[in-house]
*Asks:* 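One structure is given below, represented as structure tokens, and several questions about it will come after.
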Amino acid sequence: MCYPAHPMRWSRAFIPTIKEAPADATNASHIYLTRGGFVRRIGAGIYEFLPLGLRVLRKIESIIRQEMDGAGAQELLMPALLPADYFRETGRWDVFGDNLLRLKDRKGGDYHLGPTHEEIITDLVRREVRSYRDLPKNLYQIQTKYRDEPRPRGGLLRCREFVMKDAYSFDVDEAGALASYEAMRGAYIRIFDRLGLTYRMVQADSGSMGGSTSAEFQVLTQSGEDAIGACHLCEYAANLEVASAREPVDQPPSSMAPYQKVHTPNAGTIAEVSAFLKKCPEKFLKSILYQVGGEIVMVIVRGDHEINEVKLAHVLGVGEVLLADDEQIKRATGARVGFAGPVGFQGKIIIDRDAAVVHGGITGANEDDYHFVDVERGRDFQATVADIRSVVQGDPCPHCEKGKIQLFRGIEGGHIFVLGTHYSATMKAHFLDEHGKDKPVVMGCYGIGVSRLVATAVEQHNDEDGILWPMAIAPYQVHVINTGPDENVRQTAETVVGELEALGIEVLWDDRAERPGVKFKDADLVGIPLRLTVGSKTLAQGFVELKPRDEKDNKRAELLPVGQAAATVAERVRALLATSHDA
RNA sequence: CGGGGAGUAGCACAGCCUGGUAGUGCACAAGCUUUGGGUGCUUGAUGUCGGGGGUUCGAAUCCCCCCUCCCCGACCA
């Protein structure tokens with residue numbers, strides 16, 4: 001023991017709080033973590049964790065470790081400094097491009113700092129695992145990762161150096177891999193519940209590296225980078241890139257008028273034509289031209305919908321799609337931008353499912369300043385029907401009867417998926433099955449952005465005064481303040497602090513000779529969930545005051561008899577730890 | 001990588017247009033004062049004005065080059 005076990009006193013602690021946030025901080029977590037003395041930035045996307053910030057990080061790590069171990073995974077630690085050979089072997093030395101943080105050693109050898117460790121763990125497994133008897137295995141690490149992000153942003157939300165938990169499962173077959181995946185899914189649910197975060201498990205674009213089974217754990221916040229569509233009744237939730245609405249039912253009218261051309265001078269946008277013709281946007285067939293591998297393709301969605309380019313690229317079987325430019329539009333339709341339509345269009349036409357059931361539609365006439373009304377698909381044009389639009393607020397849920405889609409923004413806190421044999425086959429990580437047959441192991445990988453979650457928690461839990469940590473990850477559980485210069489008050493605070501410590505409670509005692517206002521402001525900023533104030537007025541009547549951080553009204557502090565304060569507070573801490581599971 | 005913006009004290013900023021050797025607030029130090037929501041007053045310390053080059057008697061200020069950082073977009077296993 002180098003230090004006596006004494007409560008953490010603010011006067012001795014390193015908690016550099018500041019009144020004014022740095023000018024470059026734009027979101028709540030960056031501002032409050034900096035102002036509260038949790039972190040400091042030393043470069044673009046590079047942060048120091050100060051003692052308070054590290055305590056939060058460690059608590060999150062600890063919860064992750066408990067649940068990973070509980071799910072049968074084993075922790076190991078791989079290097080962050082990696083020779084180029086491994087990523088060259090799978091081609092990712094090139095695929096990663098500029099995102100890989102590369103360096104050379106003194107002999108000119110190529111190295112990089114690890115952005116993720118599929119190759120390294122696969123190499124370990126191919127060297128050590130020979131038999132189906134050695135499987136399954138699930139190995140994880142909590143480690144600092146490096147990516148040369150094109151644009152680090154949002155404080156800790158997108159960094160070039162960050163702490164990540166990455167786990168990799170190895171199974172003899174697909175069924176085993178799915179079982180490993182399910183075990184991880186369960187562990188992740190327990191982890192995110194315990195962290196006290198509001199999140200949704202969402203379907204996502206499984207990316208380029210194969211893998212059909214995957215889920216993102218999206219923490220819901222205003223400031224999230226990702227858009228999510230989620231059902232307000234059932235479990236359905238998906239990244240907007242892949243979210244679907246329920247397939248519409250076609251209700252053809254009994255009679256259909258022939259289409260007619262109408263003059264719509266200078267009305268090229270849906271809003272303009274809609275106002276001019278006094279027709280709602282749902283009647284419009286918005287026709288957009290894309291260039292897809294040298295070919296011009298017309299893509300149609302309903303006037304009130306937007307094309308989802310990720311879905312469109314999937315339907316067309318290409319990596320990405322590009323909007324046609326004004327010149328190409330003119331050449332393909334004979335009209336300027338705003339008057340394209342499917343009737344008479346020479347070329348491939350893809351129409352969204354919802355646009356496909358519009359009857360008596362309004363489209364551009366492929367002629368400047370003219371539109372067609374009462375257009376019918378099938379009669380007036382032919383098109384391939386597909387799901388190519390983004391869902392909107394209020395869309396019917398694709399999975400349940402009555403649910404409506406709601407839109408959220410989220411921050412990706414975790415991602416789990418079955419990798420299959422992509423890496424094991426490429427790197428020849430094989431084993432012999434019970435029949436002596438040589439097979440590649442079937443892999444899964446499971447990530448959690450640990451340092452990102454520190455910021456994510458703040459994004460979700462803050463008010464105008466500072467942070468409101470969930471009890472499970474708060475840097476300390478109780479914040480004790482003594483006000484004024486009264487020695488009796490100070491001594492009472494010290495006694496209560498000692499009693500709390502003895503009960504196993506993590507206490508931060510603000511023992512500074514500061515004015516009460518300063519201490520209260522700092523307490524709100526730092527955001528420890530329970531605040532215990534010892535002041536001369538109430539102490540004279542034998543009371544100390546307990547106020548939860550989320551109680552806005554300062555008058556509503558609870559008066560506790562001094563002698564019972566520690567026991568009551570300890571009880572409250574335990575209660576809050578228990579409820580954080582379903583917070 | 002495209003577009004926009006910014007680098008002056010620990011932090012937030014003014015000064016630059018119109019060149020004359022740097023200032024305000026907070027923070028910091030000392031003293032007094034105050035003690036339930038960032039107390040008031042007095043005094044004080046603190047700057048390679050992002051870096052390099054140029055113009056000039058003289059550059060934070062004008063010109064050129066470079067670097068860094070922020071925002072929007074592209075990108076994001």
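Letters go in sequence order (proteins before strands), and every chain restarts at 1. Only heavy atoms go into these numbers, but all of them, side chains included; no hydrogens, no water, no symmetry mates. As the structure is a prediction and not an experimental result, all values here were calculated from the model.
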*Asks:* Does the side chain to side chain donor-acceptor pair (under 3.5 Å) test come out yes or no for A:E75 and A:Q141, once each step is laid out?
*Replies:* CA-CA 5 Å; A:E75 185 170 6; A:Q141 62 175 346; over 6 Å; no
*Asks:* Round to a whole Å and report the spacing from CD of A:E149 to C1' of B:G73.
*Replies:* 15 Å
*Asks:* When both hydrogen-bonding distances must be under 3.5 Å and the geometry is Watson-Crick or G-U wobble, what is B:C28 paired with, if anything?
*Replies:* B:G44
*Asks:* Could you work out the separation of B:A27 and B:A22 based on their P atoms and round it to a whole Å?
*Replies:*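 Nearest-Å result for B:A27 against B:A22 at atom P: 26 Å.
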*Asks:* If you pin A:D226 and A:D24 to their nearest nucleotides in RNA chain B, which one's is more 5'?
*Replies:*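 Its nearest nucleotide being more 5', the pick is A:D24.
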*Asks:* Taking CD from A:E216 and C1' from B:A77, how many angstroms apart are they, rounded to a whole number?
*Replies:* 12 Å
*Asks:* If the C1' atom of B:G47 is compared with that of B:G7, how far apart are they to the nearest Å?
*Replies:* 14 Å
*Asks:* May I ask you to decide if A:R512's main-chain N or O and A:D510's side chain share a donor-acceptor pair within less than 3.5 Å?
*Replies:*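 Yes; judged by distance alone, with no hydrogens or angles, the pair exists.
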*Asks:* Walk me through whether A:R35 and A:E20 qualify under side-chain contact (heavy atoms from CB on, under 4.5 Å).
*Replies:* CA-CA 7 Å; A:R35 286 193 50 210; A:E20 217 161 355; over 6 Å; no
*Asks:* Over 60° means perpendicular and under 30° means parallel, so tell me whether A:Y47 and A:H30 are parallel, tilted or perpendicular.
*Replies:* perpendicular
*Asks:* Of the candidate nucleotides B:G38, B:C76, B:C70, which contains the atom at the shortest distance from the side chain of A:R158?
*Replies:*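 From the listed options, B:C76 comes nearest.
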*Asks:* Rounded to whole angstroms, how far apart are NZ on A:K165 and C1' on B:A77?
*Replies:*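 Those two atoms, NZ and C1', are 14 Å apart.
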*Asks:* Looking at A:R151 and B:C76, is any side-chain donor or acceptor paired with a base atom of the opposite kind under 3.5 Å?
*Replies:* no
*Asks:* Strictly by Watson-Crick or wobble contacts shorter than 3.5 Å, is anything paired with B:C49, and which nucleotide is it?
*Replies:* none
*Asks:* In whole Å, measure the gap between the P atoms of B:G20 and B:A30 for me.
*Replies:* 38 Å
*Asks:* Whole-Å distance between B:C72 C1' and A:E225 CD?
*Replies:* 13 Å
*Asks:* Can you tabulate the close N/O pairs, meaning under 3.5 Å, that link protein atoms to atoms of nucleotides 29-37 of chain B?
*Replies:*
residue	atom	partner	partner atom	Å
B:U34	O2'	A:R515	NH1	3.3
B:U34	O2	A:R515	NH1	2.8
B:G36	N7	A:T483	OG1	3.3
B:G36	O6	A:G535	N	3.4
B:G36	O6	A:E545	OE2	2.7
B:G36	N1	A:E545	OE1	2.9
B:G36	N1	A:E545	OE2	2.7
B:G36	N2	A:E545	OE1	2.8
B:G37	O6	A:R531	NH1	3.2
B:G37	O6	A:R531	NH2	3.0
B:G37	O6	A:N554	OD1	2.6
B:G37	N1	A:D524	OD2	3.2
B:G37	N2	A:F520	O	3.4
B:G37	N2	A:D524	OD2	2.2

*Asks:* Check the interface with nucleotides 4-7 of chain B: list each N/O to N/O pair with the protein under 3.5 Å, or write none.
*Replies:*
none

*Asks:* If I pick the C1' atom on B:U21 and the same atom on B:U39, what distance separates them, to the nearest angstrom?
*Replies:* 38 Å
*Asks:* Please tabulate the protein-to-nucleotide N/O contacts below 3.5 Å involving nucleotides 9-11 of chain B, giving atom names and distances.
*Replies:*
none

*Asks:* Classify the side-chain pair A:T538/A:E545 by whether it contains a donor and acceptor separated by less than 3.5 Å.
*Replies:*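 Yes, a side-chain donor-acceptor pair sits under 3.5 Å.
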*Asks:* Let me see the working for A:L419 and A:E118 under side-chain contact (heavy atoms from CB on, under 4.5 Å), right down to the final yes or no.
*Replies:* CA-CA 10 Å; A:L419 283 173; A:E118 282 82 3; 4.0 Å; yes
*Asks:* Suppose you measure atom C1' in B:C70 against the same atom in B:A12; what distance do you get, rounded to whole Å?
*Replies:* 15 Å
*Asks:* Just the rounded figure in Å: distance from C1' of B:A77 to CG of A:D148.
*Replies:*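 That distance rounds to 15 Å.
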*Asks:* What about the rings of A:W469 and A:F38, do their centers lie closer together than 6.0 Å?
*Replies:* yes
*Asks:* Please report, rounded to the nearest Å, how far the P atom of B:G38 is from the CZ atom of A:R35.
*Replies:*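 Answer to the nearest Å: 14 Å.
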*Asks:* When rounded to the nearest Å, what value does the distance between P atoms of B:G51 and B:C11 take?
*Replies:*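 15 Å, rounded to whole Å.
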*Asks:* Should A:E149 and A:R158 count as an ion pair when the cut-off is N to O under 4.0 Å?
*Replies:* yes
*Asks:* Expressed as a whole number of angstroms, how long is the span from A:L101:CG to B:C76:C1'?
*Replies:*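 Nearest whole value for this atom pair: 15 Å.
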*Asks:* In the structure shown, which nucleotide is the Watson-Crick or G-U wobble counterpart of B:U18, with both distances under 3.5 Å?
*Replies:*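 WC or wobble partner does not exist here.
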*Asks:* Verify, without hydrogens or angle tests, whether A:R409 (side chain) and A:G224 (backbone) share a donor-acceptor contact under 3.5 angstrom.
*Replies:* yes
*Asks:* When all nucleic acid strands are considered with a 4.0 Å heavy-atom cut-off, which category describes A:R41: base, sugar-phosphate, or nothing?
*Replies:* sugar-phosphate
*Asks:* Answer yes or no: is there a side-chain heavy-atom contact under 4.5 Å between A:L323 and A:I288?
*Replies:* yes
*Asks:* Look through every strand shown and name the nucleotide pairing with B:U39 as Watson-Crick or G-U wobble, where both distances are under 3.5 Å.
*Replies:*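 Looking at the geometry, B:U39 pairs with no nucleotide.
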*Asks:* Less than 6.0 angstrom separating the ring centers of A:H479 and A:F520, yes or no?
*Replies:* no
*Asks:* Please report the distance separating the P of B:G44 from the corresponding atom of B:U34, rounded so that it comes out in whole Å.
*Replies:* 24 Å
*Asks:* Is the centre of the A:F87 ring less than 6.0 Å from the centre of the A:H112 ring?
*Replies:* yes
*Asks:* Write down the distance separating the C1' atoms in B:A9 and B:U24, rounded off to the nearest Å.
*Replies:* 12 Å
*Asks:* What is the distance, to the nearest angstrom, from the CZ atom on A:F96 to the P atom on B:C75?
*Replies:*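 To the nearest whole Å, that distance equals 16 Å.
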*Asks:* Is the NZ or CZ atom of A:R9 both under 6.0 Å from the centre of the six-membered ring of A:W509 and within 45° of that ring's axis?
*Replies:* no
